[in-house]
Structure formats: structure tokens, C-alpha cells
Amino acid sequence: MEFTVALDGPFSLEHTLESGQLFRWERRGEWWYGVAGSSALKVRQEGDVLRCWSSSDMAGSNFLTRYFRLDEDLNHVLAAISKDRVITSAVQRFYGMRLARQDPWECLASFVLATNANIPRIRTMIATICERYGGPFEFEGEPFHGFPSAGTLAAASVVDLRRCGLGYRAPFLKRVATSVAGGRVDFAKVQSLGYEGARKELLSELFGEKLLLGVGPKVADCVLLFSCDKDEAFPIDVWIARALAKSYPKMLGPKSRLIGDGKLRLSLRDYDRISGAARRHFGKYAGYAQQYLYMAAREQELS
DNA sequence: TAGCAGGAAAATC
DNA sequence: GATTTTCCTGCT
């Protein structure tokens, strides 16, 4: 099915898809191919219009508007986070990058796999479990695969998951899948709560009780930010830690030199303190600031 | 709380 | 080729 989406505000498809929040989109010439929900899609941006093809009627204009959060006022967000020269420069460089609204289960599983891996590797691991466990469907005569359900991965053996190249992440993925399949993670509730409450709900299967193993503070913040509308979540990964050490040493306090020297090891207390300081500095859209800083940090490394 | 292991692929030397 | 690094978390 072919359709278009008229853009009603700034949007850069390229910056959004290359920002490291989504792992299932691939550039082929002018088009971006991806899978979202249970549809394959190809999208290209022509100025203020998105030209799209999808494998099913489920993924149309309304779906993409919701997926890329195109109905939200990005300029308002960017104005709110532009508190200093560093972030303002990053915003100008990657203007139009939006945070997408992913499926929470897919997002959770993806970032459990993302620990201690680089982006090409993360993409490979996800592609492999999708090919192996995700329902196939055809698009332009080619097989595409949906993201496997929690139940499917919960039923898989750790040995088989390991064979997908997941390494030590295999048992973590299975445990998380089991929790989700068992209904112990209530994403609707997480989405309805405020940031702090949502974080507690996600990090503990039952309030204050057993921890959701394999999900630490960073992964939890990624899930809250990329799939649960918690725009104040400020995930701190190695890139953000380095960016903060370089440009915002006061947020890190005395630990900043250690991180600058490449010896990153944030305790839970330090993580919460630094993340909180970033939230206070950037405000209620701190998560957008985090993503722009992340892109700027990675680009600097590449050059 | 500090130290370490974890597995495999990518990046770097 | 060997070594280092990699969008981290769990265990001791």
C-alpha cells in the first residue's frame, strides 16, 4: 500500500533513523526499509512529505505519525532544552531528529541485548532473532520478519538463543521475555505513571519486590524514553558519560576525571545523581537533549 | 562498594 | 593477526 505523510513541523528521517534508538531500519538508496509492528515499510523523505509503502493496511499514515511522534511540537521541545551552547550546537547539527515511539517489548528486548555491544553488533543480534523466531511476511517479493513475541522467546532454550550470537545476553533475554510473557511487566501501567513511578514499576516486577534481571538503570531509562513517553528520562551510556565529562564536568562532580580517562564505572547512586542533575539542567524534555548529545558525541568520535 | 566476569563481533593497532 | 573496545549488569 502506498501513502504519504504531510509533515507539519521539522523532521529529519535520516537523523531519526541514524540516532541509535532504532535498530531495524536500513538505507537502500533513497529509501529506508524497516519493520515496525507487523508490517514492513519503506519510507523516503521528500522535503516536507514522507513517501511510504507498507506491506499491510495496518501501517499507514496514522501509524507513522504515532511511531515518529510527528504530531508533537518539536520546536517547542528544542527551545526548552537549548539551555547552553553545547546542546544548542548539537540541536542545530541534527535538527529534525525526533524520538520515536517504539513497541515497549521490542524496545526492552533490544536494549537488553545492547549491553556491551556496538551498534552493528546489536543490529546483527536483533536481525538474527527476528529471522529465527519472528513471523515472516512478504514485501516486494522479499521475506521480512516481525519482532518475536515475548512468549516465543520465553519458550526458546538458552542454548538456541546463544546460537543467535547473543553470548552471555541469552539467559537475560530469556528471563526478561519470561517476565513479560507472564504478564509481570505492565507496560500500560508504566506508560500511565510519571517518570519516577514508571521507573520503579519497570525495574521491579512487583512493586519493590523482585528485580527484573538484566535490566539496570540505563536500560530502564532507554525503555522509558523510547517507548513509554517519558521524555525526562536521561539514559547515561558510555558516550553520554564522556560527553558530560567533557562539556558538563560539574554534573559529574569529582568522578568526571575518571570517566574522562576512560575508566567508566557508575554506581547506581552515581547514576541517579548524575541523571538527576541532567534532568534538572535540561528540564522535562531532558531525554531529547540526551539523544542530541549522543549523536554529537558519536560524530566527533568518527571524525 | 570495588572488582570482576561475561561472549562475540567490530574497531583499532 | 593480536589487542582493545563495545549504547552494561550481576555477582562476589
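Because the structure is a prediction, the values reported are computed rather than measured. Residue numbers begin at 1 in each chain, while the letters A, B, ... track the order of the sequences.
- Minimum atom distance to the side chain of A:R269 is reached by B:dT1, of the listed B:dG6, B:dT1, C:dT9.
- Here OG1 of A:T4 is found 9.5 Å from CD of A:E46. Values are rounded to the nearest 0.5 Å.
- In this structure, A:L268 atom CG and B:dA2 atom P are separated by 13 Å, rounded to whole Å.
- Side-chain N/O atoms of A:R121 and base N/O atoms of B:dA8 include a donor-acceptor pair closer than 3.5 Å.
- Checked against side-chain contact (heavy atoms from CB on, under 4.5 Å), A:T88 has the following partners two or more places apart in sequence or in another chain: A:S82, A:Q92.
- Here the separation of C:dC8 from B:dA11, taken at their P atoms, is 15 Å to the nearest Å.
- With a cut-off of 3.5 Å on both pairing distances, the Watson-Crick and G-U wobble pairs of DNA chain B assemble into stems of 3 or more at B:2-6 with C:8-12, B:8-13 with C:1-6.
- Spacing between atom OH of A:Y271 and atom P of B:dT1 amounts to 18 Å, rounded to whole angstrom units.
- Considering only side-chain N and O atoms, A:R298 lies nowhere under 4.0 angstrom from the phosphate OP1 or OP2 of C:dT6.
- The distance from atom CE of A:M251 to atom CZ of A:R280, rounded to the nearest 0.5 Å, is 9.5 Å.
- Using a 4.5 Å heavy-atom threshold, the side chains of A:F68 and A:L17 count as touching.
- Closest heavy-atom contact between A:R121 and A:G165: NH2-O, 2.7 Å.
- Between A:F282 and A:Y288, the gap from one ring centroid to the other reaches at least 6.0 Å.
- A centroid separation of 6.0 Å or more is found between the aromatic rings of A:H15 and A:Y95.
- Contacts of A:R28 classified as side-chain contact (heavy atoms from CB on, under 4.5 Å), with partners at least two apart in sequence or in another chain: A:E26, A:Y33, A:E142, A:F144.
- In summary, the aromatic rings of A:H76 and A:Y285 are positioned with their centroids under 6.0 Å apart.
- Of the listed nucleotides (C:dT6, B:dA10, C:dT9), B:dA10 has the atom at the smallest distance from the side chain of A:P120.
- Rounded to an integer number of Å, the gap from A:Y168 OH to C:dC8 P is 8 Å.
- For the contact set between residues 101-119 of chain A and DNA chain C, defined by any heavy atom under 4.0 Å, the members are A:A114, A:T115, A:N116, A:A117, A:N118, A:I119.
- Taking the ring centroids of A:F23 and A:F147, they lie at or beyond the 6.0 Å cut-off.
- With both ends at atom P, the span from C:dT4 to B:dC4 equals 16 Å, rounded to whole Å.
- Between A:R132 and A:R163 there is a side-chain heavy-atom pair separated by less than 4.5 Å.
- The stretch residues 146-156 of chain A has no heavy atom under 4.0 angstrom from DNA chain B at all.
- Two residues are said to be in side-chain contact when any heavy atoms from C-beta on lie closer than 4.5 Å; A:R162 and A:L173 fail this criterion.
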Can you name the atoms? Protein N/O to nucleotides 10-12 of chain C N/O, anything below 3.5 Å, with the distance.
from, atom 1, to, atom 2, distance (Å)
C:dG10, OP1, A:G214, N, 2.4

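- Between A:Y292 and A:R93 the shortest side-chain heavy-atom distance does not fall below 4.5 Å.
- Residue contacts for A:Q290: at a heavy-atom cut-off of 4.0 Å it reaches no nucleic acid atom on any strand shown.
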